[in-house]
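Position 1 is the first residue of the sequence; numbering continues from there.
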Amino acid sequence: MALIPSQVLRVAILLSYFSILCHYKALDMPAHQTYGGSWKFLTFIDLVIQAVFFGVCVLIDVSSLLTKGGDSREQERQLRKLIGLRDWMMAVLAFPVGAFVVFTFWTLYLYDRDLVYPRLLDNFIPQWLNHGMHTTVLPFIIIEMRTTHHRYPSRSWGLAAVCCFGVGYILWTCWVHQVTGVWVYPVLERITPLARVIFFSAMTAVICVFYTLGEILNSYIWDQPHTVKVKGE
C-alpha cells in the first residue's frame with residue numbers, strides 16, 4: 001500500500017501548478033507585455049499542458065469515486081472518454097513536452113545560460129519558481145506514470161501528433177519574430193539562418209525521441225511485472 005494515495009498526489013501536484021502559474025503571471029516582466037505575452041515561451045505552454053493534464057487526472061479520480069457502485073452506462077462511457085483523453089495527453093504532450101523542456105533548458109543553461117535564461121531574469125524570477133518551471137515537471141510526470149497505467153496510441157500516430165506540436169510551435173516562434181523582429185530565445189539571435197533550420201530540426205527530433213522514451217518507460221513499468229509472472233509460471 002502506497003504511503004500517499006495517488007489521488008492525493010495528483011491534487012497536490014495540480015495545486016502546485018496553479019501556484020506556479022499564478023506566481024509566473026504575476027511577474028512584472030517586460031517580455032510579458034510584448035506580442036504573444038507568456039504564450040510565446042514553451043515553458044509557459046508546458047506549464048499549462050501539465051496543469052490541464054493533472055486537472056483531467058483529478059477529474060477522473062473524482063468521477064470514479066462518484067460513480068463507484070453505479071450501473072449507468074452513460075457515466076461509464078463518459079469516464080472512458082476522460083481516461084482516453086488523459087492517456088493521449090500523457091503520451092503526446094505531458095511527458096514528451098515536459099521532458100523536452102527540462103532537458104533542453106538545463107543543457108543550454110549549463111553550457112551558456114545567456115543562450116536561454118539571461119542573468120537579468122534573476123531579478124524577476126526567484127530560484128524556487130525557476131525550478132518549478134524547469135525541474136520538478138519531470139519528477140511529477142514520472143510519478144504519475146509510475147502510479148497509473150496509460151495506454152499509448154500506435155507509435156506512428158503518436159509521433160505524428162508530437163511532430164505536429166513541435167512544428168506548430170516552431171511556426172509560432174517564427175511568426176513572433178516576423179511581427180516583432182526579435183527571436184523568443186537569445187540562442188536563435190546568435191546563429192545563422194541555416195543553423196536555425198538545423199537547430200529546429202534537431203529539436204523536433206529530440207522531442208520525438210522523448211515520445212519514444214516515454215512509451216518505452218511506460219511499457220517497462222507496467223509490462224515488467226506481467227513478464228516476470230509469466231516466466232515464473
Side-chain angles (χ1 to χ4, degrees), residues 6 9-10 13 17 41-57 60 80-111 115-116 133-174 184-185 187-188 195-231:
S6 59
L9 284 173
R10 293 189 190 101
I13 292 172
Y17 277 122
F41 300 109
L42 185 59
T43 293
F44 179 77
I45 294 174
D46 178 50
L47 288 175
V48 173
I49 288 173
Q50 302 299 331
V52 172
F53 170 71
F54 279 99
V56 171
C57 291
I60 289 172
R80 283 196 297 270
K81 284 185 177 180
L82 281 175
I83 293 174
L85 174 62
R86 178 202 65 189
D87 291 349
W88 184 88
M89 288 192 69
M90 163 63 89
V92 174
L93 296 175
F95 185 89
V97 178
F100 177 84
V101 166
V102 173
F103 173 79
T104 54
F105 175 83
W106 287 112
T107 298
L108 292 172
Y109 186 98
L110 293 174
Y111 175 73
L115 294 176
V116 66
M133 298 188 297
H134 299 117
T135 304
T136 58
V137 172
L138 189 55
F140 283 167
I141 203 66
I142 290 178
I143 288 172
E144 168 60 22
M145 182 177 284
R146 181 63 183 84
T147 57
T148 306
H149 181 214
H150 299 271
R151 295 183 180 275
Y152 269 61
S154 67
R155 183 168 295 182
S156 58
W157 280 106
L159 287 174
V162 170
C163 284
C164 286
F165 175 86
V167 172
Y169 181 71
I170 290 170
L171 293 176
W172 167 234
T173 300
C174 293
V184 174
Y185 301 103
V187 62
L188 297 173
R196 288 191 198 107
V197 173
I198 296 174
F199 179 82
F200 285 140
S201 300
M203 292 300 99
T204 303
V206 169
I207 199 171
C208 288
V209 169
F210 279 120
Y211 171 85
T212 305
L213 287 176
E215 181 185 37
I216 293 172
L217 181 59
N218 182 74
S219 178
Y220 174 80
I221 291 172
W222 292 100
D223 293 348
Q224 185 81 353
H226 175 70
T227 302
V228 173
K229 181 180 179 181
V230 170
K231 287 182 178 180

- prompt: Knowing that exactly one of F95, Y109, F210 qualifies, which makes a ring-ring contact (aromatic ring centres under 6.0 Å, His included) with F103?
  reply: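 Filter result, single survivor: F210.
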Please report the interatomic distance [atom1]([X]) to [atom2]([Y]), rounded to the nearest 0.5 Å.
X    : Y    : atom1 : atom2 : value
F165 : C208 : CZ    : SG    : 12.0 Å
H149 : S219 : NE2   : OG    : 7.5 Å
F53  : M90  : CZ    : CE    : 4.0 Å
I221 : L217 : CD1   : CG    : 4.0 Å
Y169 : I207 : OH    : CD1   : 11.0 Å
F54  : I13  : CZ    : CD1   : 4.0 Å

task: List the steps and the verdict of side-chain contact (heavy atoms from CB on, under 4.5 Å) for T212 and L159.
output: CA-CA 8 Å; T212 305; L159 287 174; 4.0 Å; yes
pair [X]-[Y]: side-chain heavy atoms closer than 4.5 Å:
X    : Y    : result
F200 : C174 : yes
V101 : V137 : no
Y152 : I216 : no

message: If you apply the rule side-chain contact (heavy atoms from CB on, under 4.5 Å), what do you find for T173 with L188, and how did you get there?
response: CA-CA 10 Å; T173 300; L188 297 173; 4.1 Å; yes
Where is the tightest heavy-atom contact between [X] and [Y], given as atom of each residue plus distance?
X    : Y    : answer
L82  : V56  : O-CG1, 4.0 Å
C57  : R10  : CB-CD, 3.5 Å
T204 : C163 : CG2-SG, 4.4 Å
A91  : Y211 : O-CD1, 3.0 Å

field: Evaluation steps, side-chain contact (heavy atoms from CB on, under 4.5 Å), between W88 and L93
entry: CA-CA 8 Å; W88 184 88; L93 296 175; 3.8 Å; yes
task: Show your reasoning for whether side-chain contact (heavy atoms from CB on, under 4.5 Å) applies to Y185 and L108.
output: CA-CA 11 Å; Y185 301 103; L108 292 172; over 6 Å; no
task: Check whether the side chains of R86 and T148 place a donor and an acceptor atom closer than 3.5 Å, and report yes or no.
output: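 On atom types as modelled, these side chains do not qualify, holding no pair under 3.5 Å.
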Short side-chain to backbone donor-acceptor contact, W106 and H134, under 3.5 Å: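 Yes; at least one donor-acceptor contact below 3.5 Å.
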- prompt: Are any side-chain N or O atoms of W222 and backbone N or O atoms of H150, one a donor and one an acceptor, separated by less than 3.5 Å?
  reply: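 Answer holds: no.
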